[in-house]
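A quick write-up on the structure given underneath.
In what follows, every chain begins at residue 1, and chains take the letters A, B, ... in the order their sequences are listed. All of these numbers come straight from a predicted model, not from anything done at the bench.
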2 protein chains.
Amino acid sequence: MDDGLNELFSALSDPTRRAILGRLAYGKATVAELAKPFKLSQPAISKHLKVLEEAGLIRSGREANSRPRELEPDAFKKISDWIADYRRFWDQNFDRLDDYLSTVQGNENDKSGD
Amino acid sequence: MDDGLNELFSALSDPTRRAILGRLAYGKATVAELAKPFKLSQPAISKHLKVLEEAGLIRSGREANSRPRELEPDAFKKISDWIADYRRFWDQNFDRLDDYLSTVQGNENDKSGD
DNA sequence: CGAGAATATAGCCATATAGGTATATAGCTA
DNA sequence: TAGCTATATACCTATATGGCTATATTCTCG
């Protein structure tokens, strides 16, 4: 019933963690790279990464000596889905948007590129 | 720089508070009405409401003896905007969607209903 | 005005969280 | 294997948070 929203929102409530996600939006990064912009200790960053990973927002890889992190899209989608339930409150175009989404999803190969 | 995202996400990290927002999506409600579904004490609910209000997710009105709460759409939009920056990570249709949005916004009366 | 209803505030407790330093672990590389 | 690098874990401290009970505040109404 909860789908981890507690952990998700809680993880996002910290600015350091959001900044880390912002950095990861540009691509995979090691702990050291992620720690660089902050005045925090390395263990503090590791702790934040653990919180993010347990919330499902990132995942760890293994590359030689390091454990690079990258974003885990599903978690973002989960949040987006939650917020979408409130969309009608602020988005005047929401109804038509909804129509459009049904359209593209039911017509996947209509790739109107070029 | 922060725009209250800390408080926003923090407020949303509690299931009681999310449930309250869910109830308010159906319309304005008094504290007593909001408290009804929970086993929590009335002060506990009042505290949750205070957190929600300070985060900007709801606002209080005044009606006779009661202080009905209602949703504050801007806060939801703020979150939606934040998450939108990550949309390309999970939404394959995002680019086309983006196109569509520019289109409707620049062409309000183009109602392409079938 | 006085009583009662609706809600807020105060004060207390238990647990969670963020940060730090010290130390442990894992994988290269000489 | 020894030593170096990268990262994680343990443990401690301070503060924040959620819940409770008791009490205060604010209206409405007779």
Side-chain angles (χ1 to χ4, degrees), chain A residues 1-2 4-24 27-72 75, chain B residues 1-2 4-24 27-72 75:
Chain A
M1 180 129 280
D2 184 35
L5 285 172
N6 289 7
E7 290 73 17
L8 272 174
F9 284 122
S10 179
L12 293 176
S13 73
D14 184 283
T16 300
R17 288 193 290 259
R18 287 199 306 279
I20 289 174
L21 295 175
R23 165 62 185 79
L24 288 176
K28 208 186 292 198
T30 67
V31 175
E33 286 165 351
L34 292 172
K36 204 83 176 255
F38 303 101
K39 307 197 69 170
L40 301 182
S41 66
Q42 170 265 313
I45 300 294
S46 277
K47 231 192 225 175
H48 282 304
L49 292 173
K50 189 172 192 178
V51 172
L52 288 170
E53 184 158 8
E54 286 178 352
L57 285 155
I58 65 174
R59 87 179 130 220
S60 313
R62 167 65 82 171
E63 225 160 81
N65 211 0
S66 75
R67 296 167 178 85
R69 306 307 210 274
E70 61 187 319
L71 294 184
E72 186 75 88
Chain B
M1 180 128 281
D2 186 33
L5 286 171
N6 288 7
E7 291 72 17
L8 272 174
F9 283 123
S10 179
L12 293 175
S13 74
D14 184 283
T16 300
R17 288 193 289 258
R18 288 198 307 278
I20 288 174
L21 294 176
R23 165 62 184 81
L24 288 176
K28 211 187 290 199
T30 67
V31 175
E33 286 164 352
L34 292 171
K36 203 85 176 254
F38 304 100
K39 308 199 66 172
L40 300 183
S41 67
Q42 171 265 312
I45 300 294
S46 277
K47 234 192 225 175
H48 281 305
L49 292 173
K50 189 172 191 180
V51 172
L52 287 170
E53 184 158 8
E54 285 176 352
L57 285 155
I58 66 174
R59 87 179 129 222
S60 313
R62 168 64 82 174
E63 226 161 78
N65 212 1
S66 74
R67 296 163 179 87
R69 305 310 208 273
E70 61 187 319
L71 294 185
E72 186 73 88

Heavy-atom closest pair (B/Arg23 atom, B/Ala29 atom, distance to 0.1 Å) is NH2-CB, 3.4 Å

Return the minimal non-hydrogen interatomic distance between B/Ala19 and B/Phe38, and the atom names on each side.
CB-CZ, 3.6 Å

At a heavy-atom distance below 4.0 Å, which nucleotide of DNA chain C is the first touched by chain A, and which is the last?
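The footprint of chain A covers C/dA18 to C/dC28.
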
What pairs meet the salt bridge (Lys or Arg N to Asp or Glu O under 4.0 Å) rule with one or both residues in residues 37-51 of chain B, with sequence neighbours excluded?
none

Name all pairs fulfilling the salt bridge (Lys or Arg N to Asp or Glu O under 4.0 Å) condition that reach into residues 51-65 of chain A, sequence neighbours left out, sorted by first residue then second.
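Residue pairs passing salt bridge (Lys or Arg N to Asp or Glu O under 4.0 Å), neighbours aside: A/Lys28-A/Glu63, A/Arg59-A/Glu70, A/Arg59-A/Glu72.
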
Working to the nearest 0.5 angstrom, can you tell me the gap between B/Arg67 CZ and B/Leu49 CG?
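It is 12.0 Å, given to the nearest 0.5 Å.
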
Identify the residue among B/Leu24, B/Thr30, B/Leu52 that makes a side-chain contact (heavy atoms from CB on, under 4.5 Å) with B/Arg69.
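Answer after filtering B/Leu24, B/Thr30, B/Leu52: B/Leu24.
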
Under the side chain to side chain contact (heavy atoms under 4.5 Å, CB included) test, residues paired with A/Ala75 that sit two or more places apart
A/Leu8, A/Leu57

With sequence neighbours excluded, tell me which residues meet side chain to side chain contact (heavy atoms under 4.5 Å, CB included) with B/Ala35.
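Only B/Ile45 meet the side chain to side chain contact (heavy atoms under 4.5 Å, CB included) criterion with B/Ala35.
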
Protein-proximity profile, nucleotides 8-21 of chain D, B/S/- by nucleotide at the 4.0 Å heavy-atom cutoff, equals BB--------BBBB

Take the protein atom CD of B/Glu63 and the nucleotide atom P of D/dT28, then report the distance between them rounded to whole Å.
11 Å

Kindly say whether, by distance alone, the side chain of B/Asn65 makes a donor-acceptor pair under 3.5 Å with the base of D/dT28?
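No pair found.
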
